[in-house]
Number of protein chains: 2
Amino acid sequence: MARELTHPAAADVSLDAVLAALADPVRRTILAQLARGHDDQACIAFELPVSKSTSTHHFRVLREAGLITQRYEGTAILNALRTDDVEARFPGLVSSVIEAERRARSDGGASAAR
Amino acid sequence: MARELTHPAAADVSLDAVLAALADPVRRTILAQLARGHDDQACIAFELPVSKSTSTHHFRVLREAGLITQRYEGTAILNALRTDDVEARFPGLVSSVIEAERRARSDGGASAAR
DNA sequence: ACCGTTGTACGACGCACGTCGTACGAGCCT
DNA sequence: AGGCTCGTACGACGTGCGTCGTACAACGGT
């Protein structure tokens, strides 16, 4: 059957959706790891402090916000950043968030929050 | 008496709080207008599609996230961006969001969202 | 053919957030 | 002193979101 993942067109990526997606720490973790490692990491490869279904949920939010692409490879799904599209639409936004996230992670991090 | 507004120290500004604050369109409207006009605009000067109490709430969130400073001037409160502090901590983040917000506003805006 | 792997669908639940109205406080002006 | 303006405090309410578990679907290997 289908096995089709719906991605928004580059022009349809909304600031609202992107910022809402970036607001969650789990999703930022995913993005940071995706930016750090090579592309095409399966969802399984991420160490997330949530259940499998929650994981699926977060990946879907990221995809529907236009931040990542997903494609099937057997039963697994390979994830990749949509760096080009997003940077073209919101220059500097996602990259600065990822950079900040990575630094906050390696840092002692003055205050953790939430 | 007090009349003291509590602001977080520059080092205590957390990525989580900043992104959570940026996730709301009303608060981005405030930031964009603050960036556009001069500093020291009173809360009243903002045309927001919400009630007065909700307005207060959003300004407080922005202040406690470390994105703006507020100081009393009579009964009014003057607002200003904390550009320096925030840019030092998360380079490029807020500026890119404000830029994107402004463009999305003047733009036709492909899709509105929410 | 079977089973394991990988991810999805579907409720369900609880909490946090955006929203509001009303009542109040603090300061200015006449 | 009195009234006006600007903002806050305090509930209250609805909804959306993050979370989970269970059941299921698609694909690959043995």
Side-chain angles (χ1 to χ4, degrees), chain A residues 1-7 14-31 33-34 40-65 67-80 112-114, chain B residues 1-7 14-31 33-34 40-65 67-80 112-114:
Chain A
M1 59 86 74
R3 249 8 200 159
E4 306 264 321
L5 285 322
T6 62
H7 296 78
S14 86
L15 180 59
D16 225 80
V18 167
L19 287 175
L22 291 174
D24 187 280
V26 175
R27 290 194 286 264
R28 288 200 304 275
T29 302
I30 295 175
L31 292 180
Q33 179 168 338
L34 218 39
D40 297 344
Q41 306 181 55
C43 298
I44 274 288
F46 294 77
E47 296 179 8
L48 303 174
V50 293
S51 77
K52 203 169 50 161
S53 17
T54 304
S55 227
T56 296
H57 165 66
H58 286 308
F59 277 101
R60 178 210 289 266
V61 170
L62 286 173
R63 186 186 73 233
E64 293 183 342
L67 288 171
I68 65 173
T69 59
Q70 300 190 288
R71 62 185 178 84
Y72 277 100
E73 184 79 21
T75 67
I77 283 190
L78 301 187
N79 302 278
R114 234 284 174 59
Chain B
M1 58 85 72
R3 240 25 188 150
E4 306 265 322
L5 285 323
T6 62
H7 296 78
S14 86
L15 180 59
D16 226 81
V18 167
L19 286 176
L22 292 173
D24 187 280
V26 175
R27 291 195 285 264
R28 289 201 303 274
T29 301
I30 295 176
L31 293 180
Q33 179 166 338
L34 217 40
D40 296 345
Q41 305 182 57
C43 297
I44 275 288
F46 294 78
E47 296 179 7
L48 303 175
V50 293
S51 76
K52 203 169 51 161
S53 15
T54 304
S55 226
T56 296
H57 165 67
H58 285 308
F59 277 102
R60 178 209 289 266
V61 171
L62 286 173
R63 188 186 72 234
E64 294 184 340
L67 289 171
I68 65 173
T69 59
Q70 300 189 290
R71 62 185 179 84
Y72 276 101
E73 184 79 20
T75 67
I77 282 191
L78 301 188
N79 302 277
R114 233 272 177 64

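Predicted model only: the values in this text are computed from it and were never measured. In what follows, chains carry the letters A, B, and so on, assigned in the order in which the sequence lines appear, proteins first and then strands, with residues in each chain numbered from 1. Just the heavy atoms: all of them, side chains too, but no hydrogens, waters or symmetry mates, feed the values below.
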K.L.:
Name the residue closer to the 5' end of DNA chain D, choosing between Ser51(A) and Thr75(A) according to the nucleotide with the nearest heavy atom.
P.N.:
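Final value for this comparison: Ser51(A).
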K.L.:
Could you check how far CZ of Phe59(A) sits from P of dT8(C), rounded to whole Å?
P.N.:
9 Å
K.L.:
Hey, does His58(B) reach any base, or is it just sugar-phosphate, or nothing, if we go heavy atoms under 4.0 Å?
P.N.:
sugar-phosphate
K.L.:
Please report the distance, rounded to the nearest Å, between CD in Glu4(A) and P in dT8(C).
P.N.:
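The answer, rounded to whole Å, is 14 Å.
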K.L.:
So if I take residues 41-49 of chain A and measure heavy-atom distances to DNA chain D, which residues fall below 4.0 Å?
P.N.:
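Within this stretch, nothing sits under 4.0 Å of the strand.
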K.L.:
Taking side chain as C-beta onward, heavy atoms only, is Gln70(B) less than 4.5 Å from His7(B)?
P.N.:
yes
K.L.:
How many angstroms lie between CD1 in Ile30(A) and CD in Glu47(A), if you round to the nearest 0.5 Å?
P.N.:
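Nearest 0.5 Å value for the CD1-CD distance: 12.5 Å.
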K.L.:
Closer than 4.0 Å, any side-chain N/O of Arg27(B) to the OP1 or OP2 of dG18(C)?
P.N.:
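So the side chain of Arg27(B) is within the cut-off, an N or O lying under 4.0 Å from OP1 or OP2 of dG18(C).
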K.L.:
Rounded to the nearest angstrom, tell me the gap between atom CG in Asp16(B) and atom C1' in dG18(D).
P.N.:
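Computing the Asp16(B):CG to dG18(D):C1' distance gives 13 Å.
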K.L.:
Assess whether one donor atom and one acceptor atom, taken from the side chain of Ser53(A) and the base of dG21(D), lie less than 3.5 Å apart.
P.N.:
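Side chain to base: pair present.
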K.L.:
Regarding Gln41(A) and Asn79(A), is there a side-chain donor-to-acceptor distance under 3.5 Å anywhere?
P.N.:
no
K.L.:
Taking only the side-chain nitrogens and oxygens of Arg60(B), find out if one of them lies under 4.0 Å from OP1 or OP2 of dG7(D).
P.N.:
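So the side-chain polar atoms of Arg60(B) never come under 4.0 Å of the phosphate oxygens OP1 or OP2 of dG7(D).
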K.L.:
Measure from CD1 on Ile77(B) to P on dA26(C) and round the result to the nearest Å.
P.N.:
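Computing the Ile77(B):CD1 to dA26(C):P distance gives 14 Å.
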K.L.:
At what distance, to the nearest 0.5 angstrom, does NE2 of His58(B) lie from OG of Ser53(B)?
P.N.:
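Between atom NE2 of His58(B) and atom OG of Ser53(B) there are 10.5 Å.
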K.L.:
Hey, are the side chains of Leu15(B) and Arg28(A) touching, using non-hydrogen atoms and a 4.5 Å cut-off?
P.N.:
yes
K.L.:
Rounding to a whole Å, what distance do you find between Leu78(A):CG and dA26(D):P?
P.N.:
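Interatomic distance, CG of Leu78(A) to P of dA26(D): 19 Å.
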K.L.:
Quick check for you: among dC6(D), dG18(D), dT8(C), whose closest atom lies nearest to any side-chain atom of Lys52(B)?
P.N.:
dC6(D)
K.L.:
Whole Å only: how far is the CD atom of Glu73(A) from the P atom of dG28(D)?
P.N.:
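These atoms are roughly 9 Å apart.
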K.L.:
Between Asp24(A) and Gly74(A), which is nearer to the 5' end of DNA chain D once each is assigned its nearest nucleotide?
P.N.:
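The answer here is Asp24(A).
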K.L.:
Side-chain N or O of Thr56(A) less than 4.0 angstrom from OP1 or OP2 on dT8(C)?
P.N.:
yes
K.L.:
How many whole angstroms separate atom NE2 of His57(B) from atom P of dA12(D)?
P.N.:
18 Å
K.L.:
Using the side-chain heavy atoms of Ala76(A), tell me which of these nucleotides is nearest: dC20(C), dT6(C), dG7(D).
P.N.:
dT6(C)
K.L.:
Flag the pair Asp16(A) / Pro25(B) as yes when at least one side-chain heavy-atom distance between them is below 4.5 Å, and no otherwise.
P.N.:
yes
K.L.:
Round to a whole Å and report the spacing from CG of Leu22(B) to P of dC17(C).
P.N.:
15 Å
